[in-house]
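Structure record follows, encoded as structure tokens.
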Protein chains: 2
Amino acid sequence: MALELASTNKVFNGELRKYKFKSAALGGLHASFNIFLPPQAASSTVPLLVYLAGLTCTEDNGAQKGGFFESAAANGIALLFPDTSPRGAGIDGEDADWDFGTGAGFYLNATNPKFATHYNMLTHVTLELPQVLEAAGIPICHLGGHGALTLYLASRTNQYRSVSAFSPICNPVNCPWGQKAFNGYLQGGIEEAKEQYDATELIRKRVDPVHILIDYGTGDNFYKQGQLLPENFLQAAHNAGHDEKQVQVRRQEGYDHSYYFISTFAADHIEFHAKFL
Amino acid sequence: MALELASTNKVFNGELRKYKFKSAALGGLHASFNIFLPPQAASSTVPLLVYLAGLTCTEDNGAQKGGFFESAAANGIALLFPDTSPRGAGIDGEDADWDFGTGAGFYLNATNPKFATHYNMLTHVTLELPQVLEAAGIPICHLGGHGALTLYLASRTNQYRSVSAFSPICNPVNCPWGQKAFNGYLQGGIEEAKEQYDATELIRKRVDPVHILIDYGTGDNFYKQGQLLPENFLQAAHNAGHDEKQVQVRRQEGYDHSYYFISTFAADHIEFHAKFL
């Protein structure tokens, strides 16, 4: 798992490094990620916030367009930007659609044998990347979670302290994107997904207090089409006893699904996590 | 010159609009640009700052990666992002290199007959776009200049009030990029270029006070290769009587030529222009 440094850029007095390595979790394919180290990392360990990008993205979108670095540098927080799927697995049909296969790994471990060798983004993000960073001596002290409601809610350890998300798919078993993904990647389909990959299903069973912030825009076409369903998540959270101090779902008037929306509220999300890291 | 609205995104409580139109200056080709309107534009006219992107860029790079919107919204400044060259002129060799032809129009009007029909970015940026915006009723009141030292210095009117640039080619007649561009686009080559397209040559002849801010990074490979030559510009400015209040050239330790560098100092540049707009 030797890391190869592909590039480095100074930004807001910190450093963005891009690494490549041969990923065991992804069946031996090469995986890339970006990591931002704030200036404080030069002299002490710093907390790490993981940014999990959405459909079609790579490890670069959030780094290039997200606008997170100024606030992360001010708060002394490192940011990890993984890719969103394996690349070049060579599976038949992998590149046929933009919402399934390459660029759409859904942060799950596939159980359908066709995908199970390579499509293990859950293990890649939650186990392999932390190990690789630690082995490389990158000075992080623990992990926060960002953008991946299900990783946060399904975690049985205290690996993640808080989670936030922009325009997430909140109830994938009830929307077209999620149904397509789960029926493709999982042998057990929707029923298997309910156990660990659907945020709305997971919050129903969550007993411990949570720290969740979600922003979505009313101008978001995917919201309008019923792909996101944030109302379902909020309702389930309240029914399970998680009040608005634990779960904030903010409706932002007129904003859409783009990185322009994300960059507008990027500092808000960093400040939210800074309270818990 | 009817404008076609290609997309619109809300960002930092303002609006980014992308337009296309058939450009007379570019020989009838379709041209695209982005314009950011701050929230203040809803109720009053606002000053306009023009962002002229560098080699290989389109109208999208600065908008997506530059990090200018928060400060522009706070200061009530509109931002115009033109493209960097005509697209699809169909000229032999136009797409052979990344530093000449498509994506590398150098904001000049070509006099070489091979390019003169389409490669007129000087007219496109300084005359055509202001006309198009005015005709469309977009509520801007005057123009500032950003990133285009030569347009600012060669302007014989007071069209531009201030100029700033990130890692600019300061003395193109003395660097490989400039020599290639001028010998290709201009019938009179380097000698013709000295008259209106070289910032260092132009500042020697400038008598009126100027407002110029330049940032470059010491980690910039193009700087190290002698493509930028900011020292030549600074020396020429001082020799011509423009002191450090009029011309600031800031050397930023460790930063490179990327948008990570630009985004780090984006707010600084907006604040600089806000004093003059």
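These figures come from a predicted structure and were not determined experimentally. Chain letters run A, B, ... following the sequence lines, proteins first and then strands; every chain starts at 1. Note that these values count all heavy atoms, side chains included, but never hydrogens, waters or copies made by symmetry.
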Under 4.5 Å from any heavy atom of chain A - which part of Tyr259(B): neither

Output all residues satisfying side-chain hydrogen bond (donor to acceptor under 3.5 Å, both in side chains) with Glu59(A), sequence neighbours left out; order by chain, then residue number. Lys18(A)

What are the residues of residues 247-255 of chain A, in order of number, with any heavy atom under 4.5 angstrom from a heavy atom of chain B? Glu253(A), Gly254(A), Tyr255(A)

Atom of Thr8(A), atom of Asp256(B) and distance for their closest heavy-atom approach: O-OD2, 3.7 Å

Considering only heavy atoms, give the residues of residues 213-226 of chain A separated from chain B by less than 4.5 Å, sorted numerically, with 'none' for an empty result. none

By a 4.5 Å heavy-atom criterion (distance strictly below it), what part of Ala63(B) contacts chain A: side chain, backbone, both, or neither? both

Atom CD of residue position Glu4(A) - does it have more than 12 heavy atoms of other residues, nucleotides or ligands inside 6.0 Å? yes

Which residues pass the side-chain hydrogen bond (donor to acceptor under 3.5 Å, both in side chains) test with Tyr260(B), not counting sequence neighbours? none

Engaged part of Ala73(A) at the chain B interface, taking heavy atoms whose separation is under 4.5 Å: neither

Quick check on Lys20(A): does its NZ atom have over 12 non-hydrogen neighbours (other residues, nucleotides or ligands) under 6.0 Å away? no

Point-to-point distance, once rounded to the nearest 0.5 Å, from OG of Ser258(A) to NZ of Lys10(B): 12.0 Å

Given a strict heavy-atom distance threshold of 4.5 Å, which part of Ser263(B) is in contact with chain A: side chain, backbone, both, or neither? both

Straight-line distance of Phe12(A) CZ to Phe265(B) CZ, nearest 0.5 Å: 8.5 Å

Distance (rounded to the nearest 0.5 Å) between Lys65(A) NZ and Gln64(B) CD: 4.0 Å

Per-residue contact mode, Phe69(A) against chain B (heavy atom under 4.5 angstrom): side chain

